[in-house]
Amino acid sequence: MVAAGRHAPVPPRYLRPDLAADVVVADDATTIPIIDFQRLLLVDPEESARLHAACQDWGFFQLINHGVPDDVMEAMKASTQSFFALPAEAKQQYRQQAGQLEGYGQLFVVSEDQKLDWADVLYLNTQPPEHRNLSFWPAGESFRQTLDTYSAAVKHVADRLLGAMYMNLGLLSSMDMDPERGAGIQSVRMNYYPPCAEAADKVLGFSPHSDSDLLTLVLQVNQLQGLQIKRPPDGGGAWAWLPVTPLQGAFVVNVGDVLEIFTNGRYRSVEHRALVNAHTERLSIAAFHSPSIHATIGPLPELLGDQEVPKYKTLDHQSFITLFFSAKLQGKSFLERMKKLS
């Protein structure tokens, strides 16, 4: 990838000639919703309604006034940039091991002939602290302390944001009584998308997919546009990819598959992908929040009532995770496999 960023040929396993047929929204006026976190904490009815609509109709929004201090976010950005700037041999000290998700490398590579993403990642379990494997955490007190502080601050936001969503659904009290429905565990994936001078329009930084968690909070490191979400046609026509322009200091938040399953489809996860730039590297930090590993994943009985039919299967969280990471990224195909046969 580094060589191709300097005008060397792109290896065939990265090339996706079919990308040219994709429809991309060119209207800059179409943007994902913006939610003010401080107004949510005040239980402002208009802001709560905006959040509810965003989760139902978009599955994505940008969160402003979230309260994570600027110095915490800037330190995390700097640590991410410093890690990916290390020589290849230094980063290889933290490479993924066989059968492991954590570490430096790539995810969702399950065959020798599948197309590869134009990205490197560092994937770490971060919360609670007892779930960490520090052998994959880059050495040095600065990186580890920075990630510890950042992950705790972001999880606090995710917990309260999820509480606001459950309140909109009439489920807040049930979440308080059953913490397995909350954001029990967190992992952080730092993404590095090198420039691709020769074929930026023929490779993907991350393949189209939906996330397997409850909520994902993404921080853009260098504010370079690259995230796109899939939107249904407006008045007919083809599905289209909508570019997301990140706001300075905001989190881009998206609903995950678990939350779609919990809500029996009321809130929906949305297919998204990441593009690369021809001349400039792009970096981002995604924090994934999921229920306790002991949780059961399935439609919540309180939402179903007596009449509504469950749309999704129910299984334990460990089996759910194993299934998700055992297949390549391919749109919302994983969630489709979770649907019950009618």
Side-chain angles (χ1 to χ4, degrees), residues 1-7 10 14 24 28 31-32 34 60-88 90-91 94 104-107 117-124 126 137-138 140 142-143 145-147 149-151 153-154 157 187-201 203-207 209 211 216-229 241-254 272-288:
M1 287 190 291
V2 172
R6 299 170 183 160
H7 299 280
V10 175
Y14 291 96
V24 178
D28 292 339
T31 60
I32 64 174
I34 299 172
F60 265 85
F61 55 89
Q62 299 207 55
L63 189 69
I64 61 173
N65 295 329
H66 45 69
V68 178
D70 289 344
D71 61 333
V72 171
M73 294 192 295
E74 292 305 317
M76 191 65 234
K77 291 179 184 180
S79 291
T80 300
Q81 289 176 309
S82 295
F83 173 77
F84 286 110
L86 291 172
K91 288 180 286 192
Y94 309 104
Y104 168 71
Q106 283 195 333
L107 298 173
D117 291 333
W118 194 261
D120 282 344
V121 306
L122 178 62
Y123 182 87
L124 302 170
T126 46
W137 289 48
S142 176
F143 181 96
Q145 183 59 53
T146 295
L147 182 54
T149 302
Y150 177 80
S151 64
V154 174
V157 174
S187 58
V188 170
R189 190 186 70 215
M190 287 150 270
N191 307 302
Y192 175 73
Y193 306 104
C196 184
E198 287 300 290
D201 59 342
V203 302
L204 279 178
F206 242 96
S207 299
H209 67 287
D211 293 342
T216 306
L217 278 71
V218 178
L219 178 66
Q220 300 296 327
V221 173
N222 56 349
Q223 294 303 114
L224 192 68
Q225 188 183 81
L227 174 66
Q228 295 183 339
I229 67 173
W241 290 101
L242 173 68
V244 175
T245 300
L247 299 174
Q248 182 69 40
F251 287 114
V252 176
V253 182
N254 64 277
H272 53 285
R273 67 182 186 180
L275 304 188
V276 303
N277 190 276
H279 309 291
T280 307
E281 65 184 15
R282 177 174 172 264
L283 298 97
S284 64
I285 305 163
F288 304 95

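- Note: Y104 and F84 have tilted aromatic rings, judged against thresholds of 30 and 60 degrees for the angle between ring planes.
- Note that the CG atom of L227 and the CD atom of Q220 stand 6.5 Å from one another [nearest 0.5 Å].
- Aromatic ring pairs are classed by plane angle as parallel below 30°, tilted from 30° to 60° and perpendicular above 60°; the pair Y123 and F288 is tilted.
- Side-chain contact check for Y193 and N277: no donor-acceptor pair (N or O, by modelled atom type) lies under 3.5 Å.
- Between the side chain of Q106 and the backbone N or O of A119 there is at least one donor-acceptor pair closer than 3.5 Å.
- Of all heavy-atom pairs spanning W118 and P194, the tightest one is NE1-O, 3.1 Å.
- Closest approach of A274 to R282, counting heavy atoms only: CB-NH1, 3.9 Å.
- Under the 3.5 Å distance criterion, the side-chain polar atoms of Q228 are left unmatched by any main-chain donor or acceptor of L275.
- For the residue pair V276 and L204, the shortest heavy atom distance occurs at CG1-C, 4.5 Å.
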Criterion side chain to side chain contact (heavy atoms under 4.5 Å, CB included) on F83 and D120, from CA distance to verdict: CA-CA 11 Å; F83 173 77; D120 282 344; over 6 Å; no
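- Across all their heavy atoms, K91 and L86 have their closest contact at CE-O, 3.2 Å.
- Atom CD1 of residue I34 and atom CZ of residue F61 lie 12.0 Å apart, to the nearest 0.5 angstrom.
- The number of heavy atoms from other shown groups lying within 6.0 Å of CG (D70) does not exceed 12.
- One distance of note links CG of L283 with CG of L219; it measures 11.0 Å at 0.5 Å rounding.
- Taking each heavy atom of V154 and A287 in turn, the nearest pair found is CG1-CB, 3.8 Å.
- M76 has its side chain out of reach of V72: every pair of non-hydrogen atoms, C-beta onward, lies at least 4.5 Å apart.
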Side chain to side chain contact (heavy atoms under 4.5 Å, CB included) between H272 and H209, worked out: CA-CA 6 Å; H272 53 285; H209 67 287; 3.3 Å; yes
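- Note: I32 CD1 to L242 CG = 8.0 Å, rounded to the nearest 0.5 Å.
- Separation of atoms CD1 (I229) and CZ (R273) is listed at 12.0 Å; rounding is to 0.5 Å.
- No side-chain heavy atom of T31 sits less than 4.5 Å from a side-chain heavy atom of Q62.
- Listed here is the closest heavy atom pair of P195 and A278: CB-O, 3.7 Å.
- Of the inter-residue distances, the one linking L124 atom CG with L147 atom CG reads 6.0 Å to the nearest 0.5 angstrom.
- Aromatic ring pairs are classed by plane angle as parallel below 30°, tilted from 30° to 60° and perpendicular above 60°; the pair H66 and F251 is tilted.
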